[in-house]
Amino acid sequence: MTAPAARAAQLRRLLDEANHRYHVLDDPAIPDAEYDALLRELQAIELAHPDLASADSPTQRVGAGVLPGFAEVVHEQPMLSLNNAFSDEEVAEFVQRIEKQLGVAEPEFSVEPKLDGLAISLRYEQGLFVRGATRGDGATGEDVTQNLRTLKAIPLRLRGQAPPVLEVRGEVYMPRAGFEAYNARMRETGGKVLANPRNGAAGSLRQLDPRLAAARPLAFYAYGLGVTDGWTLPARHSQMLQALRGFGFPVSPEVSVARGLGGLLEYYAAIGARRDALAYDIDGVVYKLDHHDQQKAMGFVSRAPRWAIAHKFPAQEQLTTVEAIEVQVGRTGALTPVARLAPVQVAGVVVTNATLHNADQIARLDVRVGDTVIVRRAGDVIPEVVRVVAEKRPLDAHGRPLHAPFEFPSTCPACGSPTEAVRKVLKQTKAGGIEYAEGAAIVCTGGLFCPAQRKQAVIHFASRRAMDIEGLGESLVEALVDFDYVRTVADLYALGLDDFLAMRRRADERDGTVPETVKAGKVATKWAENLIEAIAASQATSLERLLFALGIRDVGESTARTLARHFGALQPIMDADEATLCEVPDVGPVVARRIAGFFAEPHNREVVEALRKAGVRWTEGAPQRSAQGPLAGQTVVLTGALAVMGRDEAGDRLQALGAKVSGSVSKKTSFVVAGEAAGSKLEKALALGVEVWDEARLLDFLNSHPAG
DNA sequence: TGGCCTCGAGTTCA
DNA sequence: CTCGAGGCCA
């Protein structure tokens, strides 16, 4: 062997090994830079000695020239589809059918996650990768050999004792991290972003230019076989997968063996719980009878095997259309765009709204009316618009988009006042310029002149954690403000039976609803009486609730409580200057200015006076500047469901003993009380080594330390 | 000045 | 629940 030939062979071995460890074993042996250097060296040798080039060389992975189109490939053994199960019952039927037909109880299944990618078939002859094809319609697919060669997870040469012919089937997919990184790069360079990892995988393989495919972060897992020649199949599917690993194929580490219906459902739940944590998207799990002879005995129906089934997860992403983009006005005047969507089931609930957060988010997504969008309910519950499906945007006769990009109104949709961009100042540069953070908020300048803000102020005032007026909900407040029965929160206390009934009539007339409640006059009267009673009941309250209810910006529950304790009474708070307010713990210059500014407004002082006159009374006492009691100085976090007294009451009792009750766990937390189904907070507590109490221990403690 | 630790505010749906 | 930002401490 000549020197270049020997070196080339050595380089191929090194590169193949590095590839295998990186993509199959997930255990990189050499740094990327070194891999690149070796690859370039090999390319140089092959360029200088074309006779040394070979189809299985790692250099072939970088992608050759543009393909003229894809040749058809007839699958010698068809690539079948799987029947789907969407419920536990359907899985139970599947298992029962097998048990009955085979006469076995609790058969064993090979189980694996169902990747959301593209099924392909890889053909190896004498251990060499000769052809790769898409599934196509199952009988005929497309020859995408050149593109598949660029996937480093696909071995070009099998390891070990390779049979003369081996067809391996599996899924090409795009890991989420690779998808995100690729899209980020495309956004930067103005390239085309991919809609989702699945489309990314499918689109990449159908790229006519393998160099483009090579740039896509694709991966592969093997899960089955096509035709083989000269290989004695192991008795079980799970053993076969193990053998494929031996040949150098990546097989999902999640594959396992489960027994009977119970085992299947357990696996389904276990994978489902980890779904978001996986590196790739999955849309369910697949169960396959593990013993090949049992598979053979079950056979096929039409185009799907009767020995396997895909158990699907409820879809987390759905396509729907944007019917309108509306703008909401919040309590602080912030304008929030909301997409009204055609109702669609996502992960078990019907979604009709999704927030678009702010102008930047809208601009980034470029959402327009009529667009088809992907909606997701990710780890949390709140739906979001992931992206627009550009190809489905409605066009006019000239092929131009039917709708212009969304623009924020220059006037408030509720009151017509001009809107204003409140940009957050990031930092002042030395030259005197100002850098702004992204995410400029647009606010209405109308203040309490704006009915939307007035409504929100009243809703906040009546809310459970503020004045706790039962039955005074959003729609009712809306009507009260619209018909001018309520201008300030104090007006609530002047409302009489007739007001409510008259307003109800006007509201029903306006909305065109035939009011059953008015027909049955008694019912409506009862409704109004209950409301008046609830409003009257809120007259007796506490200083902290009142302070919170007033809706001073940046004064939430916690700050309201601190203020109430520190001053003991309302008047000294109203009279305090900024410096005095800054003495209050957790109150700094920003919050102090908000509070002083609020009470400097004659209008706000009038509202307080009107509330007093309307009979609102609150507890006042001596200033309490430092917490006392057995838990003084301790910070406690409550999490999970408490059976006996509920979190709110438990919090009150703990505070009465001097504890500070907080919402987030940190290393400063004294202890965490964890009830049933405690989640991330308990996890964090354990991670930080914070003491954890169960409910019984809390009750013991409270019982042995009566408050006061 | 930087880096936690909190709090406040906004959001959806059963 | 998450994000952003105010407040506090080193």
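Since the structure is predicted, the reported quantities are computational estimates derived from the model, not experimental observations. First the proteins, then the strands, lettered A, B, ... as listed; each starts at 1. These numbers come from the heavy atoms of this one structure, side chains and all, not from hydrogens, waters or symmetry mates.
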Short side-chain donor-acceptor distance under 3.5 Å, Q318(A) and R376(A)
no
Does a side-chain N-to-carboxylate-O contact under 4.0 Å join R697(A) and E691(A)?
yes
Partners of F599(A) by ring-ring contact (aromatic ring centres under 6.0 Å, His included), sequence neighbours excluded?
none
Return the set of residues passing ring-ring contact (aromatic ring centres under 6.0 Å, His included) with F548(A) (not counting sequence neighbours), or none when no residue passes.
H460(A)
Among residues 459-470 of chain A, which residues get a heavy atom nearer than 4.0 Å to DNA chain C?
none
Strictly below 4.0 Å, heavy-atom distances to any atom of DNA chain C: list the hits from residues 589-596 of chain A, or just say none.
P589(A), V590(A), V591(A)
Tell me whether the OP1 or OP2 atom of [N] has a side-chain N or O from [X] closer than 4.0 Å.
X	N	result
N353(A)	dT11(B)	no
T355(A)	dG10(B)	no
R553(A)	dA9(B)	no

Mind running a 4.0 Å heavy-atom check of residues 662-674 of chain A against DNA chain B and sending the residues that fall below it, in number order?
S662(A), G663(A), S664(A), S666(A), K667(A), K668(A)
Please list, by residue number, the residues of residues 443-457 of chain A whose heavy atoms come closer than 4.0 Å to an atom of DNA chain B; answer none if no residue qualifies.
none
Looking for any heavy atom pair under 4.0 Å, which part of the strands does K660(A) touch: base, sugar-phosphate only, or nothing?
sugar-phosphate
More than 12 heavy atoms from other groups under 6.0 Å of CD on E323(A):
yes
